[in-house]
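Remember, it's 1-based here, ligands and their atoms both numbered in the order they're listed.
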Amino acid sequence: MDAMTEQQVRRSFINCSRGEASGLTLPREFGQLALAELALLGWRDAKAPLRGYLVVPQGDGPVGVSLRAADTRMSSRTPAMCLLCQTAQSGDAISLFTARRSGEAGRNGNTVGTYICADLRCAERARSEIPPWLRERDPEEVAEERVAELRERVDGFLDAVRKA
Ligand SMILES: [Zn+2]
């Protein structure tokens, strides 16, 4: 599979207008990423502080969702967990994100929300942050499992965004 082009990414969004999708800021390292090999590309918009995006490569092309972070943050003393990559972190590293549902539901103001790593870099974290109870196992095998589970949860989230 070829790497995704900028145009493919901008066209992949299922819950924002074409205008919004063409105006969003791509991640700085976009040109250097081996996007097809990533389980998930997630980033915050450098020019719109509460905006973030998830783009998931799929067999028939990428699927993207636009997200909005809550403007309140949890305390750094509160333990929290990302519900996509299931990495335990301090509360200030996790944010509640909402996604407008696609289609008519979204136009009527319907959203779905979930707690995700504030920087949206779950794909890296699924590989690098191995929980202590899994550290006796083969690290590559554990990383593969964590990435596969991340994909399942992200696909579930995409389904919720798409559900009519
Ligand atoms: Zn995460």
Side-chain angles (χ1 to χ4, degrees), residues 3-4 9 12-16 21 24-30 32-59 61-102 106 111-163:
M4 286 187 274
V9 168
S12 74
F13 286 89
I14 56 173
N15 69 337
C16 65
L24 64 84
T25 311
L26 290 174
R28 209 169 325 200
E29 67 276 28
F30 185 77
Q32 298 131 49
L33 292 170
L35 294 171
E37 289 158 30
L38 285 177
L40 168 71
L41 173 64
W43 76 100
R44 294 291 290 262
D45 192 315
K47 294 189 182 138
L50 292 179
R51 300 234 62 100
Y53 313 97
L54 293 176
V55 173
V56 188
Q58 297 198 330
V63 176
V65 284
S66 163
L67 304 165
R68 189 178 193 283
D71 45 17
T72 53
R73 285 183 156 247
M74 283 182 279
S75 157
S76 60
R77 290 188 298 271
T78 310
M81 185 185 268
C82 169
L83 296 184
L84 292 185
C85 66
Q86 295 210 325
T87 303
Q89 303 203 67
S90 60
D92 59 345
I94 303 282
S95 202
L96 173 64
F97 286 91
T98 51
R100 199 161 70 206
R101 305 261 298 273
S102 58
T111 59
V112 284
T114 193
Y115 288 91
I116 314 177
C117 296
D119 61 9
L120 297 170
R121 301 182 82 99
C122 297
E124 284 106 306
R125 227 164 257 125
R127 296 200 153 272
S128 62
E129 304 285 316
I130 306 299
W133 60 90
L134 293 175
R135 282 182 198 150
E136 283 172 17
R137 294 184 38 208
D138 173 33
E140 193 48 38
E141 195 181 289
V142 172
E144 301 265 306
E145 271 176 31
R146 275 172 58 79
V147 169
E149 287 167 14
L150 167 65
R151 273 302 299 260
E152 271 174 37
R153 291 188 210 99
V154 171
D155 288 344
F157 184 64
L158 292 183
D159 284 346
V161 171
R162 271 191 288 228
K163 203 156 82 187

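With 3.5 Å as the limit, one finds no donor-acceptor pair spanning the side chains of Asn15 and Ser66.
Taking the ring pair (Phe, Tyr, Trp, His ring centres under 6.0 Å) definition, one finds that Tyr115 meets it with nothing, sequence neighbours left out. Looking at residues two or more places apart in sequence or on another chain, you find no ring pair (Phe, Tyr, Trp, His ring centres under 6.0 Å) involving Phe97. For Thr78, there are no side-chain hydrogen bond (donor to acceptor under 3.5 Å, both in side chains) partners, not counting sequence neighbours.
Interatomic distance, CG of Leu40 versus SG of Cys85, reported as 9.5 Å (0.5 Å rounding).
Arg101 places a side-chain N or O within donor-acceptor distance of the main-chain N or O of Lys163, the cut-off being under 3.5 Å.
The Zn ion (ligand 1) has Cys82 SG, Cys85 SG, Cys117 SG, Cys122 SG as protein N, O or S atoms under 2.8 Å away.
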